[in-house]
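Structure first, then comments.
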Amino acid sequence: MCMVDNFYRSGTLPRVVNSSFISLITKDFDVKKELYSRDVSRRVRFNSSHDLFQSQTADWRDTISVSMLIDPEELPAVCRDETVEFIDQIGKIGDALFELLSEALGLKPDHLKSIECNKGRTLVCHYYPACPEPELAMGVTKHTDNTFLTVLVEDETGGLQVLHDNQWVGVQPIPGGLVANIGDLLQIVSNDKFKSNVHRVVPSRVPRISVIGFFAGRVAPPARLYGPIKELLSEENPPKCKEVLVSEYVARFFNKKTPR
Ligand SMILES: O=C(O)CCC(=O)C(=O)O
Ligand SMILES: [Fe+2]
C-alpha cells in the first residue's frame, strides 16, 4: 500500500468498470427512472447532482446510492449479483482498513470496529458524463467526506484531485487498484491524528466512473456519540473537539453556506 497525503492505494479490488452495476448508471434508462429519488431514506436511489438543493453549485454527475444493509431482493434484478459481490468486497476491505487504522493509533485492532465506525455503509456509483466544456464545470466541488472512511475504485479516466500544500494534486488511477481516504469523523475520534483531506473531482471530455464504499459510523438508533477516543487523550493531548452525533454532523455538513 502506498500513500499520497492521506489517500492510500492498493492493488486488490476487482475491476468493476465493465460490470452490470455500471451499465445501470450509464444505460438502463427505465430502471434509473424507477429509482429516481432524493429521499435519503430510500435504500437504493438514483439522481443527478445529489445535493442540488443544499449546495450552492450543481455538480456534473449522476449517482446511484445503495445502503449496504439492503436485502438483495430490493436491488434491480439487472445488477443484483454483482452489486451484492461489491458490497461484500468493499465491506471486507473497509473492515481490514479499520483494523490497520486502529493499530496505527496504538489501539487494539478491533477498537474502531468496537465503536462501530465501520457501520453506516453505503455503496455509491458516480457517473461523470463527457463534458463539452470541462473548464466551466465541476464533477464534485471541493469538500471533505462526512464519513469515517471512504474506499474508492475508479476507471482509468482520472479527475480526482487532493489539496496538498494549497495545490491541487491529481490522483493517478491504477487499473484494478483502490483509493482510500480518511473522513471528518475519523479525524474527530483520532483527535486530529488522522486528517480528513480536502478533495474534488474535475470533469473531462470523456466520461468517468467511480464506485465508492462510504463508512459513516452508527446512524441507526440508539444513536452513538462520537468524540476523541479516551485512550488517546492526555494532558499534552487534550480533546480537540466535542462529541457529535453522526446525524447532527451530517445535517451541519450539508447546511454549510460556503461553497464546497
Ligand atoms: O468520484 C470520485 O472519485 C470521488 C467522489 C467523492 O469525492 C465523493 O463522492 O465524496
Ligand atoms: Fe469525497
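Index from 1, following the sequence. Each ligand, and each atom within it, is numbered from 1 in the order the structure gives.
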Exercise. At the Fe ion (ligand 2), what's the angle from H199 NE2 to H143 NE2, rounded to 10 degrees?
Worked result: 90°
For this session: Among F214, Y226, F215, F194, find the one that has a ring pair (Phe, Tyr, Trp, His ring centres under 6.0 Å) with F148.
Result: Y226
Exercise. Which atom, among the N/O/S set of D145, is closest to the Fe ion (ligand 2)?
Worked result: OD1
For this session: Would you indicate whether E74, at its atom CD, is surrounded by more than 12 heavy atoms from other residues, nucleotides or ligands within a distance under 6.0 Å?
Result: yes
Exercise. Should the pair E248-K242 be classified as a salt bridge under the 4.0 Å nitrogen-to-oxygen rule?
Worked result: no
Problem set entry | Charged N-O contact under 4.0 Å between D110 and K108 | no
For this session: Before accepting this row, confirm whether a basic side-chain N of the pair R200/D59 lies closer than 4.0 Å to the acidic partner's carboxylate O.
Result: no
For this session: Step through the shown structure and confirm whether more than 12 heavy atoms of other residues, nucleotides or ligands are within 6.0 Å of CD on E135.
Result: yes
For this session: Could you tell me whether the side chain of L105 reaches within less than 4.5 Å of the side chain of V189, counting heavy atoms only?
Result: no
Polar pairs, ligand 1 vs protein, N/O only, below 3.5 Å.
| unit_1 | atom_1 | unit_2 | atom_2 | d |
| --- | --- | --- | --- | --- |
| ligand 1 | 1 (O) | Y128 | OH | 2.6 |
| ligand 1 | 1 (O) | R208 | NH1 | 3.2 |
| ligand 1 | 1 (O) | S210 | OG | 2.7 |
| ligand 1 | 3 (O) | R208 | NH1 | 3.1 |
| ligand 1 | 3 (O) | R208 | NH2 | 2.8 |
| ligand 1 | 7 (O) | H143 | NE2 | 3.2 |
| ligand 1 | 7 (O) | H199 | NE2 | 3.1 |
| ligand 1 | 9 (O) | H126 | NE2 | 2.7 |
| ligand 1 | 10 (O) | H143 | NE2 | 3.0 |
| ligand 1 | 10 (O) | D145 | OD1 | 3.1 |

